[in-house]
Every structure is written in C-alpha cells, then in structure tokens.
2 protein chains.
Amino acid sequence: MKNRLKVLRAEHNYTQAKLAELLDVSRQTINAIEKGKFDPSLPLAFKAARLFNLSIEEIFQDE
Amino acid sequence: MKNRLKVLRAEHNYTQAKLAELLDVSRQTINAIEKGKFDPSLPLAFKAARLFNLSIEEIFQDE
DNA sequence: AATTTTTGTAAAGTTTATTTGACTTTTTGT
DNA sequence: ACAAAAAGTCAAATAAACTTTACAAAAATT
C-alpha cells in the first residue's frame, strides 16, 4: 500500500511530528506508514483524509 | 465506524459467507464488521470497495 | 563547523483485527 | 411444521497496528 503522506506533508510544511500530533498518533507511526512498514488503520486513514481534505483513495493507493 | 455492507450484500444476494469468500476473510470477520465489533483494516476496506465498485467512503462512514 | 531539528530505526509492550472451531438463534424454503 | 441455511456469538490463538523509550543518522540552521 503506497501513500502520498510525505508529499502532502511537504505541501503543508508539516514535520512527521506535527502530522502525528494532528492525527493523534505517535511520530513513529507516521514514519512507519511513510516508510511502508505497515498500513494505517481505517480510522486513521479517515483522519488523514479529513485533515488534507482528500479522499482516502487520493492519499492511499492499493496495489 | 458505520458501513453499508449488509445493504450491499442484500443488493448482490450475497451471504456473509459468500462475501467473506470474495474478500478472502473469515465469515466471522464479515459478521463482526457488520455488527460494528471492529473496523476492517485499510486493505480489506479497499478490497470491499473494489468488489462493489464504490469508493471506501461510499461503503464506510466515519462515526 | 557546530548545534539543533528532523528523520530513521529498534525493542518491548498494548490494543485491535482476524482466524478457527464450536455452538445457538433466527430466517428461509418446502 | 420441519429441515436447511444463514446469521449471531464466544473463547482462545495469532497477526498487525500502534505506543513508549531510546538512540543514531541525516538535514537544516546559525
């Protein structure tokens, strides 16, 4: 599962720590997801989508 | 997290067992998700979306 | 060049998703 | 009414997501 979190972070000038705080998870969770170590839970994917005003599919790509 | 799985199943005449088979999970997982016992993983949500030709947001609603 | 910030990583622990097996209750078909 | 099929549920086990703490590497700032 790929994702555009790193790019979205860059666009918004967010550090991993800041994004983690906004999504209410640990910084390591953001890092792990960006690095593809595991997929976010569905609730977390929803939170990210809401934060960036995008659909889940626009942030996370199955494959 | 609410979802429309039960309705979508009805529309497609799928039993929980059939849907489970199509999504490659156990029947109990489908039942538990329908009954709100837990949320599906993001990969499973994607699979369901693909199966029904809908977006994740059209099947699963946050809150 | 030195310091601070950010990112990467790892181990150990907790929580949540999912499995299998078994059993009960409800719904559907005859 | 009866049988069969589908749905609901529970317990015990495994896997995956996520936490905290801690430290090292890389990037940015001064």
Side-chain angles (χ1 to χ4, degrees):
Chain A
M1 178 97 49
K2 297 181 64 177
N3 69 75
R4 295 185 55 238
L5 285 187
K6 192 171 176 176
V7 171
L8 291 169
R9 263 196 318 109
E11 287 176 1
H12 290 74
N13 271 356
Y14 291 156
T15 65
Q16 291 185 345
K18 182 61 184 175
L19 179 57
E21 181 198 327
L22 291 169
L23 295 180
D24 227 353
V25 292
S26 70
R27 181 181 68 82
Q28 286 83 343
T29 290
I30 298 300
N31 185 264
I33 292 170
E34 282 191 9
K35 303 294 280 185
K37 294 202 176 172
F38 52 72
D39 299 321
S41 67
L42 186 55
L44 181 49
F46 264 100
K47 267 192 176 183
R50 257 183 291 139
L51 177 63
F52 291 118
N53 247 312
L54 294 171
S55 70
I56 289 182
E57 286 87 348
E58 283 170 323
I59 303 182
F60 303 94
Q61 292 101 27
D62 208 11
E63 141 223 8
Chain B
M1 178 96 50
K2 297 181 64 179
N3 69 76
R4 296 185 53 237
L5 284 187
K6 191 171 178 177
V7 172
L8 291 169
R9 262 196 319 110
E11 287 175 2
H12 290 74
N13 271 357
Y14 291 156
T15 65
Q16 291 185 344
K18 182 62 183 174
L19 179 57
E21 182 197 328
L22 292 170
L23 295 180
D24 227 355
V25 292
S26 71
R27 182 181 67 81
Q28 287 84 340
T29 290
I30 298 301
N31 186 266
I33 291 170
E34 282 192 8
K35 304 294 281 184
K37 295 201 177 175
F38 51 72
D39 299 320
S41 67
L42 185 55
L44 180 49
F46 264 100
K47 266 191 175 181
R50 255 182 294 140
L51 177 63
F52 292 118
N53 247 315
L54 294 172
S55 69
I56 289 183
E57 286 87 348
E58 284 170 323
I59 302 182
F60 302 94
Q61 293 100 27
D62 209 12
E63 154 209 17

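Owing to the predicted nature of the structure, the values given are computational and were not obtained by experimental measurement. Letters A, B, ... are given to chains in the order of the sequence lines, protein chains preceding strands, and every chain is numbered from 1.
- Base pairing analysis places C:dT30 opposite D:dA1; the two distances defining the Watson-Crick or G-U wobble pair are each below 3.5 Å.
- Computed from coordinates, the A:Leu19 CG to C:dT6 P distance equals 13 Å when rounded to whole Å.
- Remark: P of D:dA7 and CG of B:Asn13 are 11 Å apart, rounded to the nearest angstrom.
- The A:Arg27 side chain lies nearest to D:dC23 when the options are D:dC23, C:dT18, D:dC18.
- A salt bridge links A:Arg50 with B:Asp62: the closest approach of a Lys/Arg side-chain nitrogen to an acidic carboxylate oxygen falls below 4.0 angstrom.
- When each of C:dA10, D:dA17, C:dG8 is scored by its nearest atom to the side-chain atoms of A:Lys37, the top-ranked nucleotide is C:dA10.
- Between B:Lys6 atom NZ and D:dA7 atom C1' the separation is 9 Å, expressed in whole Å.
- Between B:Arg9 and B:Glu34 there is a salt bridge, since a side-chain N of the basic residue sits under 4.0 Å from a carboxylate O of the acidic one.
- One finds no side-chain N or O of B:Gln28 lying less than 4.0 angstrom from the OP1 or OP2 phosphate oxygen of C:dT20.
- A sub-4.0 Å separation between OP1 or OP2 of D:dC18 and a side-chain N or O of A:Ser41 is present.
- A straight line from CD of A:Gln16 to P of D:dA25 spans 18 Å, rounded to a whole angstrom.
- Atom NZ of B:Lys47 and atom P of C:dA17 are 17 Å apart (whole Å).
- The two residues A:Asp39 and B:Pro43 come nearest to each other via the heavy atoms OD2-CG, 3.3 Å.
- Across all strands shown, A:Thr29 has heavy atoms under 4.0 Å from base atoms, whether or not it also approaches the sugar-phosphate.
- For B:Asn31 and D:dG8, the shortest distance from a side-chain N or O to OP1 or OP2 is below 4.0 Å.
- Using a 4.0 Å heavy-atom distance criterion, A:Ser26 is classed as a base contact.
- When the C1' atom of D:dA6 is taken as reference, atom CD1 of B:Ile30 falls 14 Å away, rounded to whole Å.
- In this structure, A:Phe60 and B:Phe46 approach most closely via the heavy-atom pair O-CZ, 3.2 Å.
- We find that NZ of B:Lys35 is positioned 15 Å from C1' of D:dC10, with the value rounded to whole Å.
- Here the closest non-hydrogen pair linking A:Ala45 and A:Ile56 is O-CG1, 4.0 Å.
- If A:Tyr14 and B:Phe38 are placed on DNA chain C by their nearest nucleotide, the residue sitting closer to the 5' end is A:Tyr14.
- OP1 or OP2 of D:dA7 lies within a sub-4.0 Å distance of a side-chain N or O belonging to B:Arg9.
- In this structure, CG of B:Leu42 is placed 15 Å from P of D:dA16, rounded to the nearest angstrom.
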